[in-house]
There are 2 protein chains.
Amino acid sequence: MSPGSSLSDSLEDYLEAIFHIEQAKQAARAKDIAGRMKVSGSSVTGALQALARRKLINYSPYDLVTLTEKGREVAGDVVRRHDVLRRFFVDVLDADSREAEKGACRMEHALPRGIMERLISFVEYLSAGRKGEGRRLVEDFKHYYERTNKKKTD
Amino acid sequence: MSPGSSLSDSLEDYLEAIFHIEQAKQAARAKDIAGRMKVSGSSVTGALQALARRKLINYSPYDLVTLTEKGREVAGDVVRRHDVLRRFFVDVLDADSREAEKGACRMEHALPRGIMERLISFVEYLSAGRKGEGRRLVEDFKHYYERTNKKKTD
DNA sequence: TTATTTTATTAGGCGAGGCTAATTTTCTTT
DNA sequence: AAAGAAAATTAGCCTCGCCTAATAAAATAA
């Protein structure tokens, strides 16, 4: 736990992007980050400098980027927040996949730890058990929602 | 529906504050807004000018502030997003009340419409019925969470 | 009504985070 | 190895949103 720094939403996004690129190909080039985030190269440079100052990435000018141990922890945390939100939206609320992804992207930065933990537990609880209470309730809600909202969804 | 403008998080916060102050005392003074939002008076002036430009508030220098029809719609929407999040956190996830409030404050700006609608429906569904599936599941989850997280909560 | 206090606005500054254009470094060809 | 292409960095500018200090307007007291 390193509650010291407190990253901006923007830097969290960069960290998250680096995390994913690293998983796909060992290390990230500034180009990849820019492409994924739809941001100019110079913005990436600025962000990399900020992240390096905070010791969250291994970086020196013109070099490839990798996460430090600390950086990987923080990035992993962001990814976890993102994923639990997306899963909740899709698997429980049965929301549109694209909207869920977009929502998760924006909300991930604001989800407090304690609530994230509960949400993870909640989604697990509802998804667990082939025919447990959870799964059934999710199904029932799906029907309830479609029944009570006979507008655009159908 | 006025999806035209797209307010910043900050302006949404101001609108929300004005909404609540207006409910409590007819109209809002800049002072009240500053106090509630813990922001300087000059910041309030700037925000009021921006909101007035967008026709979301009735305002002229040194005057009291009220919401326009459009402003009330937008503010109401923000409040609705805030409230459904808080209720979900407290009533369903059984999160700490303070943390729920804080989380709702930050996440309210990012909650997409379609997901908000589903979430409202979901919370209603779980809370409805004196002894329906919903209420019981919430209770069961509460116990599940406490059982599987024998750490800080107890 | 004039003086005092309170409230609001303006002026000017700061940092974050984005952009484009110009420049530098590195990589790839030939 | 030298030339050209590609990638990264710097320089310089912009918008937001906040701040403090200084000023102006309004409200309250004397």
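In what follows, chains are A, B, ... by sequence order, proteins preceding strands, each numbered from 1.
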Item to complete: Verify the contact: side-chain N or O of A:Ser10 to OP1 or OP2 of C:dG18, cut-off strictly under 4.0 Å; return yes or no.
Response: yes

Worksheet item: Base, sugar-phosphate, or nothing for A:Ser43, non-hydrogen atoms under 4.0 angstrom?
Response: base

Worksheet item: Between B:Gln49 and C:dT9, does any side-chain N or O lie under 4.0 Å from OP1 or OP2?
Response: no

Worksheet item: Should the ring pair A:Tyr125 and B:Phe141 be called parallel, tilted or perpendicular, given that the plane angle runs from 0 to 90° and is split at 30 and 60?
Response: tilted

Worksheet item: Between atom OH in A:Tyr62 and atom C1' in C:dT26, what is the gap in whole Å?
Response: 9 Å

Practice prompt. Flag the pair A:Phe89 / A:Glu101 as yes when at least one side-chain heavy-atom distance between them is below 4.5 Å, and no otherwise.
Written response: no

Worksheet item: Between C:dA8 and B:Arg29, is there an OP1 or OP2 to side-chain N/O distance shorter than 4.0 Å?
Response: no

Worksheet item: Would you say the side chains of B:Asn58 and B:Thr66 form a donor-acceptor pair under 3.5 Å?
Response: yes

Fill in: B:Phe19 and B:Tyr14 aromatic centres sub-6.0 Å
no

Worksheet item: Can you tell me how far C1' of C:dA16 sits from OH of A:Tyr14, to the nearest Å?
Response: 11 Å

Worksheet entry | Euclidean distance, atom CG of residue A:Leu11 to atom P of C:dG15 [Å, nearest integer] | 16 Å

Practice prompt. Answer yes or no: does atom NZ of B:Lys142 have more than 12 heavy-atom neighbours from other residues, nucleotides or ligands under 6.0 Å?
Written response: yes

Item to complete: Take the protein atom CZ of A:Arg54 and the nucleotide atom P of C:dA16, then report the distance between them rounded to whole Å.
Response: 7 Å

Discussion item. What contact category does A:Gly46 fall into here, base, sugar-phosphate, or nothing, at under 4.0 angstrom with non-hydrogen atoms?
Written reply: nothing

Practice prompt. Using whole Å, report how far NZ of A:Lys31 lies from C1' of C:dT28.
Written response: 14 Å

Item to complete: Among B:Glu16, B:Glu108, B:Glu12, find the residue that satisfies the side-chain hydrogen bond (donor to acceptor under 3.5 Å, both in side chains) test when tested with B:Arg81.
Response: B:Glu12

Practice prompt. Tell me what A:Val39 touches on the nucleic acid: a base, only sugar-phosphate, or nothing, going by heavy atoms under 4.0 Å.
Written response: sugar-phosphate

Practice prompt. Find the distance A:Asp13:CG to C:dG18:C1' and express it as a whole number of Å.
Written response: 13 Å

Worksheet item: In whole angstroms, how far is the P atom of C:dG18 from the CG atom of A:Leu48?
Response: 12 Å

Fill in: Between C1' of C:dC27 and CG of A:Asp63, the distance in whole Å
14 Å

Discussion item. Of all nucleotides in DNA chain D that come within under 4.0 Å of a heavy atom of chain B, which is furthest toward the 5' end and which toward the 3' end?
Written reply: D:dG17 to D:dA25

Worksheet item: If we ignore angles and hydrogens, is there a donor and acceptor under 3.5 Å between the side chains of A:Ser40 and A:Ser43?
Response: yes

